Amino acid sequence: KAGVTQTPRYLIKTRGQQVTLSCSPISGHRSVSWYQQTPGQGLQFLFEYFSETQRNKGNFPGRFSGRQFSNSRSEMNVSTLELGDSALYLCASSLVQGEAFFGQGTRLTVV
Amino acid sequence: GIQVEQSPPDLILQEGANSTLRCNFSDSVNNLQWFHQNPWGQLINLFYIPSGTKQNGRLSATTVATERYSLLYISSSQTTDSGVYFCAVGTLSSGGYQKVTFGIGTKLQVIP
């Protein structure tokens, strides 16, 4: 059974640009959550999608957005990138509620 | 929101030693997981343990939900156990959906 797949693994962007990250959940999982991990703030919840609907949102500015497709794959977008957006972005999938499984993450560097 | 505290923040062990990592949480939770983050950043599932005790090889975990804490035991530690261990709790939002909150982690270094 394939795990959670995140692409790309690494990304370098310039301030002001935008970026789109992708997450393919485990087959059958309909919930996808996104997290940002930085040395200073730890792991912070961004948002969660279930059946193409955003159910929960963390305390992040509107520059951070996401969506989920009918096949449960999810994308998150960050517009007008700032240096502080440099982080490891992790995606997790789960059944309705319960045990979460994480992908390998996308390491974003903003220069 | 719920507070999740992990202790100790840092731990250095000699290979072969045993250790106990603790996770305290400030409110009732739906579920609780322990993860090990490898050097490449991936979170590896160790235990899904809303309550009770589970064992997997040299690792075991106990959650006492009524007293709002969980413990992760590592016995006969190996250098490959090095990394950061996270506790994550799931709570229900006002809309009835689950929100997951992570502790800050315990950074473990096992030296030969």
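Numbered from 1 within each chain, the chains take letters A, B, ... in sequence-line order. Every value quoted in this text rests on a predicted model; they were computed, and no experiment measured them. Computed from heavy atoms alone, side chains included, the values below leave out hydrogens, waters and symmetry copies.
- Interface remark: B:L43 contributes backbone and side-chain atoms alike to the contact with chain A (heavy atom separation under 4.5 Å).
- In this structure, the portions of A:L43 lying under 4.5 Å from any heavy atom of chain B include both its backbone and its side chain.
- Contacts between B:L32 and chain A at a heavy-atom distance below 4.5 Å are absent for every atom of the residue.
- Considering only heavy-atom pairs separated by less than 4.5 Å from chain B, the leading option among A:G103, A:G58, A:S33, A:A92 is A:G103.
- Applying the ring-ring contact (aromatic ring centres under 6.0 Å, His included) test to A:F69 and every residue at least two apart in sequence or in another chain returns nothing.
- No donor-acceptor distance shorter than 3.5 angstrom exists from the side chain of B:Q42 to the backbone of A:G105, with no hydrogens or angles considered.
- Looking at A:F101, both its backbone and its side chain come within 4.5 Å of chain B, counting heavy atoms on both sides.
- The CG atom of A:L90 sits 10.0 Å away from atom CZ of B:F35, with the distance rounded to the nearest 0.5 Å.
- Atom CZ of B:R58 is surrounded by more than 12 heavy atoms from other residues, nucleotides or ligands within 6.0 Å.
- For A:I12, the CD1 atom counts as loosely surrounded, since its 6.0 Å shell holds 12 or fewer non-hydrogen atoms of other residues, nucleotides or ligands.
- The backbone N or O of A:V78 lies less than 3.5 Å from no partner atom in the side chain of A:R63, so there is not a single donor-acceptor pair.
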Exercise. Quick one: do A:L95 and A:R30 satisfy side-chain contact (heavy atoms from CB on, under 4.5 Å)? Show the steps, please.
Key: CA-CA 6 Å; A:L95 293 171; A:R30 295 166 64 189; over 6 Å; no
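- B:Q55 places a side-chain N or O within donor-acceptor distance of the main-chain N or O of B:G57, the cut-off being under 3.5 Å.
- Using non-hydrogen atoms only and a strict 4.5 Å limit, the part of residues 68-86 of chain B facing chain A consists of B:F86.
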